[in-house]
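See structure below.
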Amino acid sequence: MIRGSFIFLDKVGYKTERNIWLQGIHSWNDFLAKTKIDGMSLMRKRFYDSKILKAKKNLYNDNSCYFTNILPFSEQYRLYNYFKDQACFLDVETTGYYGDITMVGLYNGYDTKTLVRGYNLNKDLLLQELKKYKLIITYNGASFDFPVIRKYFNIYLRQPHVDLKIVCQKLGLRGGLKYIEKALQIKRSDDVEGMRGEDAVYLWWQWRTTRNRKYLDLLKLYNEEDVINLKTIADKLIPVLWKKIKGCVYD
DNA sequence: GCTAACCCTTCCATAGGCGC
DNA sequence: GCGCCTATGGAAGGGTTAGC
């Protein structure tokens, strides 16, 4: 996926990338093996060769951060296949819109980890956890989770970030996370079925005022299912989107 | 080598969507 | 309700190609 991408090159947009694919060039190695590419001067080709070699080197060194700034934000999903085993699915719960963070859920594809305010949620631990990963995946995280983390903890993440809302929108799936889950027939457990973000706020206040553990456990379950479902969505939709983008070559 | 035409990217402004 | 993103459309500018 990433090794068949050229959109990170200067002055290369969707049309130029498509033009490259149309010439039978589907990987960085294909590009480097060609001496001439239609629509591209030799000087430019040589310039792009050096950029591709640099990208190859960084990819093989697992330096995902190299791609954070050179790949357009909406195209960072192209890193998913390569870094999926080193990716973290993240979801933040708060006391309301841009309120205080109450919970941060993390999922690495095997285990979930929940950081809870008043227990184990602090800047150092969150940073320590996030540093383990090469790629962060959220739903609408670009507009919510990341700004909230920045505001609350002053943490600026360097890893590339895949916002699944953008992946969904590119596939014509518009709506919130719960709508997407329904569309993909992803089931939730009975205890949290039908719950929405506002309910998470309610559960937190119930827990704070009553100290009844069942409210906190339910909120944790809701958050865990959020992050686990992010992986299911990513696994289902990202290959479909890539196929769709590449498919345009054969239109 | 120069020039014009074409193509494509970038930039800007605006509107709308989504998280809790 | 806030913050950030995408989508869209138009204008401007740069790169490439083709013709002379």
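Order of the sequence lines sets the chain letters (A, B, ...), proteins ahead of strands, with each chain counted from 1.
For A:F8, the ring-ring contact (aromatic ring centres under 6.0 Å, His included) partners two or more places apart in sequence, or in a different chain, are A:W28. The side-chain contact (heavy atoms from CB on, under 4.5 Å) test applied to A:K123 returns A:L127, A:F153, A:N154, A:I155, not counting sequence neighbours. Every residue two or more places apart in sequence or in another chain was checked for a salt bridge (Lys or Arg N to Asp or Glu O under 4.0 Å) with A:K134, and none qualifies. Qualifying side-chain contact (heavy atoms from CB on, under 4.5 Å) partners for A:K182, counting only residues two or more places apart in sequence or in other chains: none. Every salt bridge (Lys or Arg N to Asp or Glu O under 4.0 Å) that A:K45 has, sequence neighbours left out, goes to A:D49. For A:Y215, there are no ring-ring contact (aromatic ring centres under 6.0 Å, His included) partners two or more places apart in sequence or in a different chain.
Here A:I166 is tied into one hydrophobic group with A:F73, each link being a pair of ILVMFWY side chains closer than 4.5 Å.
Near DNA chain C, meaning a heavy atom under 4.0 Å away, the residues from residues 70-78 of chain A are A:F73, A:S74. Near DNA chain B, meaning a heavy atom under 4.0 Å from it, residues 199-236 of chain A has A:V201, A:D226 in order of number.
Counting only residues at least two apart or on different chains, no salt bridge (charged side-chain N to carboxylate O under 4.0 Å, His left out) pair has a member in residues 51-70 of chain A.
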Between protein and nucleotides 4-13 of chain B, map the contacts as a letter string: B base, S sugar-phosphate only, - none, heavy atoms under 4.0 Å, written 5' to 3'.
----SSS---
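Between the two ends of the helix from B:dG1-C:dC20 to B:dG19-C:dC2, each summarised by a five-pair axis, the helix axis turns through 30° (rounded to 10 degrees).
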